[in-house]
Amino acid sequence: MSMGAGLPVDPNSPAPGIVHLGLGAFFRAFGCVYVADAMAASGGDWGVIGVSLRSPATRDALRPRNWAYTSVTLAPGQESFRDITVLNSVLVAPEDPQRVLDAMADPATRIVSLTVTEKGYCHDPASGLLNMAHPDILHDLSHVVPTSALGYLLRGLQMRRAAGRPPFTVLTCDNLPENGKLLRRLVLQLAAEIDPELERWIAAEGRFPSTMVDRITPATTAADITRISEKLGYPEAAPVLHEPFSQWAIEDDFVGGLRPDFAAAGAEMVADVTAHEHMKLRMLNGVHSALAYTGYLAGHETIAATVADPVFAAYAKRLWADITPAVAAPEGVSLAQYADALFARFANPAIHHRTWQIAMDGSQKLPQRLLGTLRDTLDNGRDVRALSLAVAAWMRYAGGMDEAGQPIDVRDPLADKLRDLSRRATSPAETVSAFLSVNEVFPEDLAERLHAPLTTAMSRLSALGTRGAVKEATS
Ligand code: CS2
């Protein structure tokens, strides 16, 4: 670190080996830390070229320190700082798309990783197929310069094939089930439309390992930046805040076996990550979403505040008891212990993870977080009251009005549609029917089976208020 005017600037960025699409707080709090540890343990040129697909804000905040930033670990009652210097540079795709493609095609790049959130996959969450009517996909089908992450992957791979280079490994780090398989399918679907030869080459040579990623990373606020800069004694414009816990399970399937020594950094290299992914999506993210909708409606600002309320703490535990029979434990894992650990992580008072943040993009999250569990629970003839209440709370939330009649700032690609559906309905049964007709989210057969339990849950929300309904569904 050199100290230019009191500001520690990273003097020499590491040589790149990875291009990362979607440089949000999560990847900087997670993937970058693993890469830094892997390089410290075993070397290799694995510096990360970060790509922002939309806004220049992250690039602009990182530039003064030459891409170094502070990772802040928030343990209860204690925060610790670590400087992360693994970024080689940051590109803003809309400003210079060709530079992004050139970086992807560069022989030094062996991995392109992604955190673009669920909606960034431009797919239909219920079927897992590419949404051919998505504006970004329509654009990318008719232009060589892409806008979507899928389009970038495809054009980057196309350039490599044209140059006679092997493909890069595509490493998805988003919370989707069998995320590597899903992404491979989507990229191949897009390739088939553009260049069937390329499709065959990617199918044969490409590698898309699935991964399970886990670290709670709330959005950094302006108040965080001020407080952390004061503690550090210099302006830190791009800190990331996260819990101490971190888990990464990665399928060990990389082009030419080329990758950082992730295992030395604590990642689990496995043959098949499905069991880890299902456990995490259903137990962590499913209950996170359930607490986000019910907690928000009941007036709780954060997840920690929600589970500090005994009614919601009991609800979370009830949900884990109901979800556990619908989860096959990865080898050597006790689901009961996993649930206990999740409760402690959610309760961490140092983490201000807003219910509103987790509530975002519900239409893209519900299928893998709650609906699969609901289907399995119905199949097994078990009680679906507590799980149904979570989905009904989402419907109530997405309707756009809280219990006090105040508008909710709903962020969701389907927000307008969901609000309109909700406004036209005049009874709980009608509201439920209207939402269940959204087949991007609810497959038809499941919608039919969910109608009765969701109508009951919706009626109880109206009759008792959210907190009352949560209490009743837990008893
Ligand atoms: C959260 C996740 O925002 C959300 O939807 O459920 O981001 C969650 O914090 C992470 O998956 C934890 O690994």
Side-chain angles (χ1 to χ4, degrees), residues 22-34 71 73-74 113-121 125 172-177 179 210-221 240-250 266-268 273 276-296 300-307 312 316 319-320 323 338-339 341-348 350-373 390-391 393-394 397-398 409-413 441:
L23 191 67
F26 176 70
F27 194 74
R28 290 195 293 119
F30 181 81
C32 288
V33 177
Y34 279 89
S71 135
T73 302
L74 299 167
S113 52
L114 308 80
T115 45
V116 294
T117 80
E118 294 85 350
K119 62 176 176 287
Y121 288 70
T172 154
C173 304
D174 282 298
N175 283 314
L176 287 159
N179 51 9
S210 289
T211 69
M212 179 270 250
V213 297
D214 189 9
R215 172 167 260 185
I216 291 174
T217 307
T220 304
T221 64
V240 286
L241 290 80
H242 53 78
E243 63 175 338
F245 181 89
S246 170
Q247 187 180 10
W248 199 0
I250 307 172
E268 296 159 62
V273 86
H276 288 88
E277 275 189 323
H278 281 183
M279 172 181 77
K280 194 258 171 172
L281 285 168
R282 291 184 172 195
M283 293 184 68
L284 189 156
N285 298 110
V287 177
H288 235 187
S289 288
L291 292 172
Y293 299 117
T294 56
Y296 182 97
H300 290 306
E301 169 90 14
T302 65
I303 289 293
T306 306
V307 297
F312 289 86
L319 285 168
W320 281 313
I323 295 168
Y338 186 71
L342 289 179
F343 187 82
R345 291 169 61 194
F346 287 5
N348 180 350
I351 300 276
H352 297 278
H353 204 182
R354 293 178 67 197
T355 46
W356 178 82
Q357 188 189 345
I358 298 160
M360 257 188 262
D361 296 338
S363 68
Q364 314 295 302
K365 292 174 173 173
L366 247 53
Q368 59 275 13
R369 294 184 177 208
L370 289 163
L371 300 184
T373 306
V391 178
W394 166 70
Y397 179 93
D409 180 7
V410 178
R411 302 283 172 92
D412 192 298
V441 180

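Just follow the structure's listing: the first ligand is 1, and inside any ligand the first atom is 1. Just so you know, these numbers come straight off a predicted model, no measurement behind them.
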Which atoms of ligand 1 are found less than 4.0 Å from any heavy atom of His288? 1 (C), 6 (O), 8 (C), 9 (O)
Distance col, row Asp361:CG vs Lys119:NZ, nearest 0.5 angstrom, shows 3.5 Å
Could you tell me whether Arg354 and Glu301 have a side-chain N and a carboxylate O separated by less than 4.0 Å? yes
Do me a favour and list the nearest non-hydrogen protein atom to atom 13 (O) of ligand 1 with residue, atom name and distance? Asp214 OD1, 2.6 Å
Test item: Trp320 side-chain N/O and Tyr338 main-chain N/O as donor-acceptor pair under 3.5 Å: no
For Phe245, does the six-membered ring have the charged nitrogen or CZ of Arg345 within the cation-pi criterion, i.e. under 6.0 angstrom from the centroid and within 45° of the normal? yes
Return yes or no for this condition: an N or O of Lys365 is under 3.5 Å from an N or O of ligand 1. yes
Tell me whether Asn285 has any N or O atom under 3.5 angstrom from an N or O of ligand 1. yes
For the residue pair Lys280 / Asn175, report whether a side-chain donor-acceptor contact shorter than 3.5 Å exists. yes
Under 4.0 Å to a heavy atom of His353 - the qualifying atoms of ligand 1, by number: 9 (O)
Could you see which bit of His242 sits under 4.0 Å from ligand 1, with heavy atoms only: side chain, backbone, both or neither? neither
Identify the closest protein heavy atom to atom 11 (O) of ligand 1: which residue and atom is it, and at what distance? Lys280 NZ, 2.6 Å
Nearest protein heavy atom to atom 7 (O) of ligand 1, by residue and atom, and its distance? Asn175 ND2, 4.3 Å
Is the distance between the ring centroids of Phe346 and His288 less than 6.0 Å? yes
Under 4.0 Å to a heavy atom of Ile358 - the qualifying atoms of ligand 1, by number: 3 (O), 4 (C), 5 (O), 6 (O)
Looking at Asp174, is its backbone amide N or carbonyl O close enough to the side chain of Asn179 to form a donor-acceptor pair, meaning the two atoms are under 3.5 Å apart? yes
